[in-house]
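Step one of this worksheet: look at the structure below.
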Amino acid sequence: MKGDRMAEGTVKLENEAAQSTNALGPLIGVAREDFVGAVALLLRETASDPNRLFRHAKSVTEDMVKIMTGKSELAPDPKDKRFQDPAWQFNPFFRAGAQYYLAVQNGMRGWLEDLELDELERNRANFIANIILDGIAPTNTLAGNPIAQKQLINSGGLSLIKGLQNAYNDLVNNKGMVSQVDKRPFKLGENIATSKGSVVYRTEMFELVQYAPTTDEVYEIPQLTIPPQINKMYINDLSPEKSIIKWQVDNGLQTFVISWRNPSKEQGHWDIADYIASCEEALEVVSQITGSKKVNVSAGCSGGQTASVLASKLAAKENDIIGTLTLMVCVLHPKPTDIEAGSLVSENGMRLARQRAAKQGVIKADDLARGFAWLRPNDLIWNYVINNYLLGMDPPAFDVLYWNADATNLSASLMGDFLTLFETLAFTKKGEVEMADHKIDLSKVTSDMFILGGVTDHITPWKATYRSTQLFGSKDVTYVLSQSGHMQAILNPPGNPKAKYFVQKKKGKLPATADEWLQGTEEIKGSWWPFWMEWIQERSGDKKAAPKKLGSTKHKPLDPAPGLYVVEEV
């Protein structure tokens, strides 16, 4: 029974962390001064009305008295996983500890609700308050965590020794950050990223990987995936059972994926124009190898932003090489209130972030991961502190987390361009913002569109992704809402009994808002992958005999998939 509870806890840890993978967005422009400013806002409001603070302090004091006299009825939310052990209910010491914490939590939240703040300021205050409240939870300490104490007794003290070892290893080998994944079981090309293929083109900036067909016939129009610039491309091929690449080749698609090189300080000048030029180059090579004048393109997260700039530029040049465009969990029209952490972004913070990045050349992958973790500390820090240090357990060996930990640097110039896209709302303008040697205008993009969002996605909220449906000049736009979070919305293969998705019942133009669209949807059980495959196959031309060899006379195979750039050390 105890082993089952531990295993269940590990699964929960995996699932929660998988929803909190790194993402490139406006948060890269958050500077430490923005955190300081948010704290200063709270202090300012505290000083502006001492009586208000006194009222809430009095309320907290009254709760404390009730706790000390055993008359408090405060109880944790049954859904709060931190307080699910029976000891929080039946042990007087732990019950009182939870109640003290809840009294402080309720007092702070009541005080915040009473502050005279606008929506943006309120989001900032709530965000900082939640970080503080998560940090002082009693479960984060050995003395205040009954599960950790039981583990200590049951293991004869070995859990404490193992926890100290884990903490030491993180201090020495992980730059002081708590490890989120056990990397030891994974090896690229052996038990992860195993689909057969070959690098067929390589530049200083990217490799183009072509995957071997597994069917006798393939569709004429090939499929090119543009991945995000801060994560490696093999998210598309983690394991055979959830490999997007395997799903594509098994269904007759000629599959190509760009693999971005991890930039060093000397390559910090790589900007969006360079990445768009690389995408254009990749499209031409795919066209040459397959003999197709059209190439279907799919992209997720920041790769979707890159693909959108690419589509805009090609439209401006009247180059119609892009067939269809699939965008997954990607926000092109952000709003400060989409996510609470977004409220921290300020003009001054973005300016400072640009300056620091320019001085360093790149934003290191470790710094990106550390900054992102502190934006969601309960999921990405305290969960692992408890698991690794207090319980003395190894972090989970989970392929999505292995990939997430294998992040790349971000060039300073590219970061600046992404911040410009955010600041200017460039995708919502028609020919007003210059980027990648042209003025962005998505209304000129007429490719058939497939756009995906995730119901529980807190990184790119689905209603924010839906706004993209209104930006393009396409007459055929399909929006699908997957019943999952950020990466799980994409990695949602057939076979999951809990999987479902939502689509519009009636074909035709999509409504202007996400709420209107939701009213006219139907729920469909299962994975959205077959739905997308049918959609893409209808737009991939006729079938022809599958090529017997990868590459072409001009573009010969170089190295086996997933290539050299995904394993290159910087």
Side-chain angles (χ1 to χ4, degrees), residues 17-18 20-29 173-175 177 179-181 183 186-189 192-193 199 202-209 225-238 257-272 274-279 282 299-307 328-330 353 356-358 360-373 375 380 399-419 459 486-487 490 559 561-570:
S20 302
T21 48
N22 294 355
L24 182 58
L27 299 184
I28 57 174
N173 302 316
N174 203 38
K175 298 186 177 180
M177 277 297 293
S179 295
Q180 297 176 8
V181 62
K183 299 179 182 179
F186 301 106
K187 191 164 185 180
L188 285 178
I192 195 170
V199 175
R202 178 182 291 129
T203 70
E204 183 190 10
M205 183 173 277
F206 76 98
E207 291 177 329
L208 180 65
V209 182
T225 296
I226 301 173
Q229 286 90 340
I230 65 165
N231 294 115
K232 294 183 178 176
M233 51 77 79
Y234 62 85
I235 184 61
N236 298 283
D237 189 37
L238 286 179
V257 180
I258 289 174
S259 177
W260 298 118
R261 190 174 194 179
N262 190 359
S264 63
K265 183 177 181 179
E266 291 71 29
Q267 292 149 343
H269 59 85
W270 288 353
D271 60 10
I272 193 73
D274 295 316
Y275 281 94
I276 297 304
S278 290
C279 290
C301 209
S302 63
Q305 292 176 303
T306 305
M328 298 170 285
V329 295
C330 170
R356 288 166 184 154
Q360 297 171 358
V362 294
I363 303 176
K364 301 291 287 184
D366 291 337
D367 293 336
L368 279 169
R370 181 178 288 102
F372 192 82
L375 294 175
L380 298 178
D399 50 12
V400 174
L401 299 184
Y402 173 82
W403 163 82
N404 187 55
D406 192 19
T408 62
N409 301 330
L410 176 65
S411 73
S413 295
L414 181 63
M415 186 203 81
D417 287 335
F418 274 115
L419 289 179
I459 298 173
H486 191 62
M487 287 314 305
I490 300 175
D559 296 281
L564 301 183
Y565 283 174
V566 293
V567 296
E568 186 179 51
E569 298 289 341
V570 175

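Quick caveat: nothing in here was measured; it's all calculated off a predicted structure. Hydrogens, waters and symmetry mates are skipped; everything else that's a heavy atom, side chains included, is used.
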At their closest point, which heavy atom of [X] faces which heavy atom of [Y], and how far apart are they?
X    : Y    : result
A561 : V209 : CB-CG1, 3.7 Å
S411 : P263 : N-CG, 4.0 Å
G563 : V199 : CA-CG2, 3.5 Å
S302 : P228 : OG-CB, 3.2 Å
K183 : A405 : CE-CB, 3.9 Å
D399 : F186 : N-CZ, 3.6 Å

Can you confirm whether [X] sits close enough to [Y] that some side-chain heavy atom of one is under 4.5 Å from a side-chain heavy atom of the other?
X    : Y    : result
Q180 : N404 : yes
Y275 : W260 : yes
T408 : N231 : no
V329 : I490 : yes
V566 : L188 : yes
E568 : R261 : yes

By side chain to side chain donor-acceptor pair (under 3.5 Å) - contacts of [X] (at least two apart):
X    : result
K187 : none
S259 : none
T225 : S298
D406 : K232, Y234

(message) When you compare the side chains of Q229 and T306, does any donor N or O come within less than 3.5 Å of an acceptor on the partner?
(response)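 Short answer, yes.
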(message) Using the ring pair (Phe, Tyr, Trp, His ring centres under 6.0 Å) criterion, which residues pair with Y565? Sequence neighbours excluded.
(response)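 Partners of Y565 under the ring pair (Phe, Tyr, Trp, His ring centres under 6.0 Å) test: none.
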(request) Enumerate the residue pairs fulfilling salt bridge (charged side-chain N to carboxylate O under 4.0 Å, His left out) with a member in residues 407-418, sequence neighbours excluded, ordered by first and then second residue. (result)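 Counting only pairs at least two positions apart or across chains, no salt bridge (charged side-chain N to carboxylate O under 4.0 Å, His left out) contact touches residues 407-418.
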Residues in side-chain contact (heavy atoms from CB on, under 4.5 Å) contact with [X], at least two apart in sequence or another chain:
X    : value
D274 : M205, W270, D271
S179 : D170, N174, N388, P395
E266 : S264
A299 : I226, A307

Reported [atom1]-to-[atom2] distance for the pair [X] and [Y], which is rounded to 0.5 angstrom:
X    : Y    : atom1 : atom2 : result
S413 : Q267 : OG    : CD    : 12.0 Å
W403 : D237 : CH2   : CG    : 13.5 Å
S278 : I258 : OG    : CD1   : 7.5 Å

(message) If we ignore hydrogens and angles and just use 3.5 Å, is the side chain of N409 paired with the main-chain N or O of A365 as donor and acceptor?
(response)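 Checking the backbone N and O of A365 against the side chain of N409, a donor-acceptor pair under 3.5 Å is found.
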(message) Among residues at least two apart in sequence or on other chains, which ones pass salt bridge (Lys or Arg N to Asp or Glu O under 4.0 Å) with K175?
(response)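 By the salt bridge (Lys or Arg N to Asp or Glu O under 4.0 Å) rule, K175 matches D366.
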